[in-house]
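We count ligands from 1, going down the list as the structure has it; atoms in each ligand are counted the same way. By convention here, the first residue in the shown sequence is residue 1. What you see is a predicted model, and the numbers here were worked out from it, not measured in a lab.
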Amino acid sequence: MDLVVWLKDIGKEDLSLAGGKGASLGEMLRANLPVPDGFVVTAQAYMFFLEKRGIKQKILEILKKTNVDNTAELKRASDEIRKIIINEKVPEEIEILITEFYNKLSEKYNKDEEFVAVRSSATAEDLPTASFAGQQETYLNVKGAKNVVESVKKCWASLFTPRAIFYREKKGFDHMKVAIAVIVQKMINAEKAGVMFTQHPTTGEQDKIVIEAAFGLGEGVVAGKVTPDMYVVDKNTFEIVEKSISTKEIMIVRENSRTVEKEVPENLKNKQVLSEEEIRRLAKYGKDIEDYYKFPQDIEWAIENGNIFILQSRPITVRYKEEKKEEKEEEMEILLKGIGASPGIGSGKVKIILSIEEIDKVKKGDILVTKMTNPDMVPAMKKASAIVTDEGGVTSHAAIVSRELGIPCVVGTKEATKKLKDGLEVTVDGTRGIVYKGIKVKKLEEKAEEVKVAVAPKIITATEIKVNLSIPEGAERVAHLADGVGLLRAEHLILGIGKHPIKFIKEGKEKELIDNIANGVRKVAQAFYPKPVWYRTLDAPTNEFRTLEGGEDEPEERNPMLGWRGIRRGLDQVELLKAEFKAIKKLVDEGYKNIGIMLPLVQHPEEVRRAKEIAREVGLMPHKDVKFGIMVEVPASAIIIEDFIKEGIDFVSFGTNDLTQFTLAIDRDNEMIAKLYNEKHKAVLKLIEYVIKKCREAGVETSICGQAGSDPEMARILVRLGITSISVNPDAIEYVREVVAREERRIMLEKATKD
Ligand code: PEP
Ligand code: MG
């Protein structure tokens, strides 16, 4: 049995023994690449430990009697199992081997006890979502054989966090078939480190290698805390074709057994991190690795005492892209034009829905045509291959939901429900806002040639790029692309239940309401964990409540947009706000440390104070893991932002849809004055600039979640103003990220060439 194995003796065939990370490191050592030396405590060792200590059955019994949907029970089971693992002694056979291997490793570096990194490596039959497999477990700067053994045990125990158990149960995985390997590797105390892409990450050029480098440990670059230098190298000649030297303010270094953030010494701040020779040497390694794997790679590297080390290499993710040979427009009869609200092409038979009773008409692949969608229509929308509406703009219900579901959509056609007929075959171009007669997309697909293109890996930007979500089901699709959720709208979630939330409370069914909210938010928080998700409390105007069961008593308002909505309603109908807070509290208790609360439409600090009191009453505050923030949507709150900061907020987010509406006195839904609606109006920008300035001075995070954040020009302006994050539509994440990356580099370049 292979309980402990040197990394150099491992290869890609050992996936089930050493896990993905271990197998890849072993392969690189085989290829004579400078990977830090180390060994793997194999998946077999973990299994041997369970067998030898006879705890398998004990663990299974605990799991058998646990209802994983009951969070308290789940947590208890997890604690109990992890305690069992931690309290058991590692079998002597394994302990002796780990000690032997560790001592040999230390000897190699002429040390009695060398610092090592201990990290888990999920095995092939392991779970697809790494964080659930406990794959993220890493212990840095470990010293001494005993501590290594203890860290290995902690990696094993991480297979039984509440989240990991819950996930395996729900996916029907056998708890005892999931094993984990642990990698022990010499720590590299880097003086310089960074990442390297063997294909240009933004332009996709195959003959370029791009290196990002900073002083100190690589964590700074990987986590985006440091703005690195960037060098572009020609892959054939190894000539350096482009250099951008940044100002490096901070670096991450090791001090004894801790990693700390430090200011970069003054003489190094503007210094080129890598010498020309180092750049070329590194690029050659990059080419070797790519040649070895025969695929473009994303590589983490470090330099210690002038020696280059390769820490990790992953293929740049690929996807298939259809190369659509555009048919000439005149060959295709245009039936309707509107606003392209969600990109892509869809075709099928028209199904016109004039009332909610008709939604069953929509079958998979149909084109849903209606005046304007509403939350009750979401199940039918999910089945449609495209959506077309008479009314609405880019922030309408149809637009938001279809973008999140990834379904092409054209809104604002004015006459789709009149002009189109049931059963008519059409093709919808959601990018350009056109509806064509006939199934043209099929023809295009037949001709289409599938080409494999390497997709740019996620570029790291200092400004975080987040996403706006309303439909929890949309979260999985984009969780790997965005740095968090800058706006999780509650409206679709709560109105989508189909019953007025007040009705639940009146009928004594508050718990049902809370569970409904928690179930929706959990999907998002889980998909994004540990990235932040800002849940915005309910902000539906009275006219949107009226159509719900139990909504008959909604007051008639002359101007619902200026009326009883957002936090002002929450503070009047405290039981509603309480139910929302209780739902979030439930998730926090389940271990979700990534949820923030955002209050909509605030105009006075008193509203924040009262909302916080209510949060305190339900036990949601104060809490170190729950951030509390406000939307800046009303000019008043921008003008007196300092009073809000004094009241105590962690972040603000610009709701430019409302902020523009209220600053310019332009109803955002009134087509007659749409031409005057301008989010980049000088007055709106002035308010934004002022708020960012004051928040930066006070250390309060700033973000934008209005539609304007998805506009590249606005994104560029906001980056220059120093906004912390930009939250955009799901379809705009990658594009806005590129725009932001370019602008950040431009700013650095301007600074560098100023004097
Ligand atoms: C906004 O006002 O910009 C915003 C994001 O909120 P909503 O569009 O939901 O009013
Ligand atoms: Mg708003």
(request) Take the angle between the ring planes of H500 and F545 and call it parallel below 30°, perpendicular above 60°, tilted in between. (result) parallel

(message) Walk me through whether E647 and K612 qualify under salt bridge (charged side-chain N to carboxylate O under 4.0 Å, His left out).
(response) CA-CA 10 Å; E647 195 55 56; K612 276 187 173 178; 5.7 Å; no

(request) Report the residues that fulfil salt bridge (charged side-chain N to carboxylate O under 4.0 Å, His left out) with K694, sequence neighbours left out, ordered by chain and then residue number. (result) E642, E697

(message) Could you check whether any side-chain heavy atom of T724 comes within less than 4.5 Å of a side-chain heavy atom of S703, counting everything from C-beta outward?
(response) no

(message) Would the distance check show the side chain of Q661 and the main-chain N or O of D667 forming a donor-acceptor pair, the cut-off being under 3.5 Å?
(response) no

(message) For S727, give me all partners under side-chain hydrogen bond (donor to acceptor under 3.5 Å, both in side chains), at least two apart in sequence or on another chain.
(response) N468

(request) Answer yes or no: is there a donor N or O on one side and an acceptor on the other, between the side chain of T660 and the main chain of N657, under 3.5 Å? (result) no

(request) Return the protein residues near ligand 1 (heavy atom under 4.0 Å from any of its atoms), ordered by chain and residue number. (result) L487, R489, R536, R565, M631, E633, G655, T656, N657, D658, R668, C705, G706

(message) Given a threshold of 2.8 Å, state how many protein N/O/S atoms are nearer than that to the Mg ion (ligand 2).
(response) 2

(message) Go through it in stages, so that I can follow the logic: the residues are D429 and R432, the test is salt bridge (charged side-chain N to carboxylate O under 4.0 Å, His left out), and I'd like the CA-CA distance, side-chain angles, deciding distance and then a yes or no.
(response) CA-CA 6 Å; D429 180 346; R432 289 182 298 165; 2.9 Å; yes

(request) Given salt bridge (charged side-chain N to carboxylate O under 4.0 Å, His left out), test E358 with K351 step by step and report yes or no. (result) CA-CA 9 Å; E358 295 178 312; K351 291 289 164 68; over 6 Å; no

